[in-house]
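Since the structure comes first, as structure tokens, the remarks are kept for the end.
Numbering of ligands and ligand atoms starts at 1, following listing order. The shown structure was predicted, so the numbers you read here are calculated from the model rather than taken from an experiment.
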Amino acid sequence: MTTAKELQKSLTWEFPHIGKAEPTAKEAAFAYCEGYKEFLNEGKTEREFTAKAVELLKAAGYEPLDLSKSYKPGDKVYFVNRGKSLAMTTFGVAPLEKGVRLNAAHIDSPRLDLKPNPLYEKNDIAFFKTHYYGGIRKYQWVTTPLAMHGVIVKKNGEVVKVSVGEQAGEPQFCVTDLLPHLGAKQNERKLSDGIRGEELNIVIGSLPFVGEDEKDEVKNAVKLTALQLLNEMYGITEHDFMRAEIEFVPAVKAVDIGLDRSLIGAYGQDDKVCAYTALTAEIDTKAPYYTTVTILADKEEIGSYGNTGLSSDFVLHYLEDLASLEGANIRTLLRNTTALSSDVNGAFDPTFASVYEERNSCFVNKGPCLTKYTGARGKSGSNDASAETMAKIISIMGEAKVYWQIGELGAVDEGGGGTVALYVAAMDVDVVDLGVPVLCMHSPFELTSKLDVYYTYKAFAAFLASDK
Ligand code: MN
Ligand code: MN
């Protein structure tokens, strides 16, 4: 005679809380996340992340892909696409026509970009005009310290790297907001309209330039001070902004959140948390069965458009290059490839429970979230992973004893989103989304759980190593 409890145990399923199921995992997870936090602080933009990743790759014995060479299992190569995206490979034992293990994350994050003609002065304050990049809630980006990152290509072709506001003692920047005393009218705006795009103006100075022995005032002398300082620092003039990519990002550093230090608070964890875990899993993979291809892509936050994003053919071209090494048929390679689109998902937030559906949401501390489909309004714009692909990934994680969970982004018709999965699928590849649950996603300060970060690394490592 079976008891109800026995029957319940054998027939029903609930994802465990890792903190309860595996309390000893804490030590390894916390140690792993120290490297992650350092990476977040030093790789806040796609260019910086790429440069730092290449440092790590070189130290781990990776070499630039060279099509004139032949490679053996365990050899490691990488390819940098225009300084803003990256492909990495560890050669496997199996022939390339058996397919590769493809893992794609993205390294761009929502931020404030400078307009091409950004600098102006109004009422003796100098400002930068911005155009936000990616999906932001604009009201979250005011009255928070910002840092300036990017590159300027000078007339002579020299590329100048810009970074102000990250090192101790450096000045930082800020978008202003109204004081509550005068906010009555602004308070009547809808939240989505609380701060408008053209109000995201960054304060960069307030002192006028006064020349020696000069009696006549020049126009816009505060703007002139800013230009003088930029010229001293980087040798640039106002004209050079048109040949620049300057991003303003939160100046805050990654920190532990909570008395138990279980969470990480930082800017840009979407999707640098999957990028870092994908990168370290790739590096730690030795002579796998399938050849691995780890991709860190740009431009996901604006729809993956552009030649550093996954809607371009740069990954296909990289795979074609790999296939050419063996004279492998690229179509056979693609058809036999299994891929992860490694991107974050919105973690269930009890304070705003109504926009989630609890049974199908992901939670912090239950591990990486396997997302069968994304999209909005009836899965529109989604790669809806097949049952067979789900089965393969679930079985790989099961064998490796990785904690994971299922989750979709919010309740039906509450909103939605997309990832790079549809572009990977467009190459005729089987793909499903897997990534870390994030609280306050796309805000200047996102939260993740250290246990989730660690088990995402383990999930990626298991995926790359498996011969399934
Ligand atoms: Mn993302
Ligand atoms: Mn995003």
Side-chain angles (χ1 to χ4, degrees), residues 36 39-40 43-46 49-50 53 84-86 102-113 132-138 140-141 247 249-250 264-279 294-306 308-311 315 339-347 349 355-356 361-362 364 368-376 381-383 385 407-410 414-425 431-449 452-453 456-457 459-460:
Y36 170 50
F39 223 91
L40 282 172
K44 286 193 178 180
T45 69
E46 55 282 354
F49 201 100
T50 300
K84 300 202 268 188
S85 48
L86 190 57
L102 190 120
N103 189 13
H106 71 91
I107 51 178
D108 61 315
S109 301
R111 61 185 187 243
L112 303 181
D113 282 348
Y132 64 95
Y133 172 97
I136 63 166
R137 309 190 78 189
K138 298 180 199 86
Q140 294 177 337
W141 290 72
E247 309 173 7
V249 299
I264 294 170
Y267 162 71
Q269 299 202 68
D270 174 7
D271 185 34
K272 294 177 187 96
V273 66
C274 296
Y276 180 77
T277 45
L279 173 68
T294 301
I295 303 289
L296 303 183
D298 181 28
K299 294 282 178 276
E300 193 278 340
E301 295 296 356
I302 58 166
S304 292
Y305 303 112
T308 52
L310 274 199
S311 78
V315 173
L340 291 177
S341 158
S342 297
D343 207 343
V344 299
N345 202 327
D349 184 341
V355 300
Y356 300 90
S361 293
C362 60
V364 289
C369 170
L370 189 61
T371 304
K372 186 177 186 297
Y373 48 84
T374 58
S382 163
N383 162 68
E408 69 175 279
L409 183 59
E414 278 295 338
T419 63
V420 301
L422 72 162
Y423 300 106
V424 175
V431 58
V432 62
D433 278 289
L434 184 73
V436 178
V438 176
L439 287 164
C440 26
M441 207 172 113
H442 280 217
S443 80
F445 194 72
E446 302 171 313
L447 305 185
T448 57
S449 129
D452 294 339
V453 176
T456 302
Y457 159 77
F460 293 162

For the Mn ion (ligand 2), which N, O or S atom of H442 is at the shortest distance?
NE2
Report whether any nitrogen, oxygen or sulfur of E300 sits less than 2.8 Å from the Mn ion (ligand 1) (N, O or S, backbone or side chain).
no
Charged N to carboxylate O below 4.0 Å: is that the case for E446 and K272?
no
Measure the acute angle between the ring planes of W141 and Y267, then classify it against the limits of 30° and 60° as parallel, tilted or perpendicular.
perpendicular
Return yes if a side-chain donor-acceptor contact under 3.5 Å exists between D343 and T419, otherwise no.
no
Check for a donor-acceptor pair, side chain of D108 on one end and backbone N or O of E300 on the other, with a separation under 3.5 Å.
yes
Return the orientation label for the Y305 and Y423 ring planes: parallel under 30°, perpendicular over 60°, tilted otherwise.
perpendicular
Atom name in D343, limited to N/O/S, at shortest distance from the Mn ion (ligand 1)
OD1
So which of the N, O or S atoms of E301 lies nearest the Mn ion (ligand 2)?
OE2
If I consider every N, O or S atom in H106, which one ends up closest to the Mn ion (ligand 1)? I only need its name.
NE2
Which single N/O/S atom of D270 lies at minimum distance from the Mn ion (ligand 2)?
OD2
